[in-house]
Amino acid sequence: MFTELAKSYAPQSIEPRWAEAWVEQHLYQAKNGQPGGQNWSLVIPPPNVTGSLHLGHMLEHTLIDIVVRWQRMRGKNVLWLPGTDHAGIATQMVVERMLAEKGESRQAMGRERFEEAVWAWKRQSGDRIAEQMKRLGASCDWSRARFTLDEGLSRAVRTVFVRLYEEGLIYRGRYIVNWCPRCQTAVSDLEVVHEPVNGKLYRLRYPVVGGPGRFLEVATTRPETILADVAVAVNPADPRYTALIGQQVEVPLAGRTVPVIADEIAQPEFGTGAVKITPGHDPNDFAAGQRHNLPQLVILDESAKMTGPHAGVYAGLDRFAARKRIVADLEAAGLLAAITDHPMAVGQCQRCRTVIEPRISTQWFVKIEPLAKAAAQVVEDGKIRFTPENNKTIYLGWMANIHDWCISRQLWWGHRIPAWYCDACAKTIVAEQTPAACAGCGGPLRQDPDVLDTWFSSGLWPFSTLGWPEQTADRRDFYPTSLLITGFDILFFWVARMIMLGVHFTQDVPFREVYIHALVRDAERQKMSKTKGNVIDPLLVTEKYGTDAVRFTLAAMAAPGTDIALSEDRMAGYAAFANKIWNAARFIFLSANQADAPAPADSPVHLRPRGRHMVDRWIFSRLNAVAAQLQRSLEEYRFHEAADTLYHFFWHEFCDWYIELTKLRLQAGDPEAAPNLLVAFDGALRLLHPVMPFITEELWTALHAAAPPAVSIALAPFPQPDPAAVDPEAEAALAALQAAVTESRQFPARLEAHLSDTTLAWAHAYLPRLAKLGQKPAADPAQEQARREKRRAELAAQIHKKRQLLANDRFRAQAAATVVAAEEAKLAELEAELATLAGD
RNA sequence: GGGCGAUUAGCUCAGUUGGUUAGAGCGUCUGCCUUACAAGCAGAAGGUCCACGGUUCGAGCCCGUGAUCGCCCACCA
């Protein structure tokens, strides 16, 4: 006998046990030295160490885990490499916030102690995500977990930096960059988000020198920056101003005069057609200043407070406070011509939403064009395939318009830039190992205080985690990786950088396929993000509905290309599905003898029924069809289709019909019924396993409890679709039976020939009951009459349409023969129905 | 300013070479404690598939125009 199962499925009492066992048994550890074609690998998009798991992670991990478990069951030597990202700026902010609560600060502690504090915090909470993933059943190879600041990965970072520097693809220079006054660091273009705001456009009057009473009107959105003006530009083709070109105008409140220059930057139709040039505080003006060889005045410090000799009486004021004061002073001086509303997009720090201040500073950059070109090429050549495909266009478009990448950050947490400066002889040394002294003059060296953009190290992730630059067994066996599954939000940040750096340093693609999943949104369709703090702990819904139900929900809603608004109703529905599976097992275990269970080694790779019973032939035909459908769906990452297929098959075919039809055979002692039932159930569990690992593991183990040691279902072969097992005769017979039972009609004779007497006896007994249950409530005769009329009209319309269609020669010529036959059959059916309606 | 996506049942969404009477989950209504499952079973109601035009024997699907919503990219002061 099988052990009796509880009356309903309680995931809470089962899942933690399995989660722990899987990790302890190292069930998902990949092997080295397998034949090349056997290996299949995927690296996780490393979550931030700061974070805890949110539903976006869970969606991503669920989709990954489904593919990974499926590939493993197909016999691949699978590596899913887990790990975390040090997430420079995010982590530093978290730790600084914690320090601030204790009244401490990074500056007061000093760099060394601060770094120690971050490491301590990382050790204490950095494993949280891993623990959560383990609890959720992610089938990672935990023995290969990596962290971006690991010694090996740091070594890879230094190697890459030095090589790019030597190739001239990394340079250092003084440019205007995006600066966050709150984070006090440079950020890349990608880390600036543009938010629409209702700004103002100020028209200011610049007195023309030598022309008393004459003014040049200039439009600006940032009046406080006039103190750093070095010129006013007008368009050379603008007739209004040609006379002024070369003359001097006075900068209001500044007590300086600047030249009027001709430059295309000024567009005649915007504002007044005259634009102030402020190279120290605007990227466009910076470029214009370089064209005209103008000086760069700076009036804001790293906190965006007014500073320096040109700030005058406004020194010390915040930029926005200064704006108010300056506008008031301009008005008092009669130099403010107008203020108009001006909707515009202002750049904000992605992390803290502070308005970005363009700032001139010395930073490190990657010369991106050569890398981008090669990275675009591999995608154009189809060496990397995107799903959904339109991401390819987006990717290529970005690659075509890419700017150099600012990689230095004025932070303390991260990979420190491997560059040293000699103050004595002004030499710069870039090296993998810390040099003892200046190679030129022997003087003492000072390392660059900055660290690298987090994405610089993440960009190496697919190969740095596998041992690069060493030629390791992992690198040989698992690179390039097979697939990347990640979100659209980091397509440019991460995917693009991995392709650029991967192609450059390994002469191969980092992954052959990229699946871009949808975004999980909350009930209000808001994006869930680390910075917004609206993340939902997946462990809570998991606790409520069970991990398998949440996983199934996520998979079922993961149609490629559209966002997911997560609904708990849906989870409840799939929790019921898990319970359905549980109860099917409960019935099977109560009704069948354990001796009939297939031995685990006796893997039903080829699902074939014992005997010739029509019902058995049907369910095994369906199992094979479902296996084939799942294979198609998963190959194309159509997770929702796979989930729907499983749901419908298990509930409405396996339970509603197969188990029901088997009940009577069991009662009558049909010797083939139980063994076939057990094998079919085994096959169904395997099909379900990639999506629902916990319940299938529990039930599969129970199914095979008599023949220990049963291996985990995770290592059991996935049913291989066998086209020969598809049995159209059995499928047609069951379809007829279903129709007959549903309509409470007589059995088709053809089916009766194939059904055993006992089944027939059951079915005949069952039919009247169905007929009773299905009876419509006694309807109002008038209503009934109306319904008939409506149906009659519908039928007439359809018949007319069909006749027209079938009379069409082009249709007969062009449509497939089966389509024509189906249409003819349908017409006959419709006519028959109409005849019965007309009859009474 | 460019580019992309969406619009299908009360709600959330599927619908991939154009071809039976357009589906699912939840919700609603009716009837069932039926010895695997009331987290269940048997039924029912509910849709001008955003609008208009076009292609086709045939359009939810293809083409065009428009409307509404959303997203991404972008140095317009």
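The basis for the numbers below is simple: all heavy atoms, side chains too, and nothing from hydrogens, waters or symmetry mates. In what follows, every chain begins at residue 1, and chains take the letters A, B, ... in the order their sequences are listed.
A straight line from CD of A/E269 to P of B/rG1 spans 13 Å, rounded to a whole angstrom.
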For nucleotides 24-26 of chain B, which of its nitrogen or oxygen atoms have a protein nitrogen or oxygen under 3.5 Å away, and what is each distance?
{"unit_1": "B/rC26", "atom_1": "O2'", "unit_2": "A/D569", "atom_2": "OD2", "d": "3.0"}

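Checking B/rG40, B/rA36, B/rA77 against the side-chain heavy atoms of A/W651 singles out B/rG40 as nearest. Considering only side-chain atoms of A/F587, the nucleotide from B/rA74, B/rA77, B/rA36 that sits closest is B/rA36. Here the side chain of A/H403 is nearest to one of B/rA36, B/rC37, B/rC75, namely B/rC75. In the set B/rA14, B/rA36, B/rC76, the nucleotide with an atom closest to the side chain of A/A584 is B/rA36. For A/V275, counting side-chain heavy atoms from C-beta on, the closest listed nucleotide (B/rG5, B/rA77, B/rC37) is B/rA77. In the set B/rA39, B/rA77, B/rC41, the nucleotide with an atom closest to the side chain of A/K580 is B/rC41. For A/N583, taking side-chain heavy atoms from C-beta onward, the closest of the listed nucleotides B/rG5, B/rA36, B/rC75 is B/rA36. Minimum atom distance to the side chain of A/H640 is reached by B/rG15, of the listed B/rC4, B/rG40, B/rG15.
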Output field dot_bracket for RNA chain B (Watson-Crick or G-U, both distances under 3.5 Å, | for other-strand pairs) contains (((((((..((((.....[...)))).(((((.......))))).....(((((..]....))))))))))))....
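Checked by atom type, the side-chain pair A/T272/A/E217 shows no donor-acceptor distance below 3.5 Å.
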Please test A/Y206 against A/D229 for side-chain hydrogen bond (donor to acceptor under 3.5 Å, both in side chains), starting from the C-alpha separation and ending with a verdict.
CA-CA 11 Å; A/Y206 284 43; A/D229 285 357; 2.5 Å; yes
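For A/E264 and A/R291, the salt-bridge test fails: no basic side-chain N is under 4.0 Å from an acidic carboxylate O. Using a 4.0 Å cut-off between charged nitrogen and carboxylate oxygen, A/R586 and A/E4 count as a salt-bridge pair.
Using a 4.0 Å cut-off, no side-chain N or O of A/W582 falls inside it from OP1 or OP2 of B/rG40. Phosphate contact (OP1/OP2 of B/rC72, side-chain N/O of A/H194, threshold under 4.0 Å): absent.
No donor-acceptor pair under 3.5 Å is formed between the side chain of A/D596 and the backbone N or O of A/A674.
Residue A/K276 places no side-chain atom within donor-acceptor reach of the base of B/rA77, judged by atom type and a 3.5 Å distance cut-off alone. For B/rA36, its base sits under 3.5 Å from the side chain of A/E660 at one donor and acceptor pair at least.
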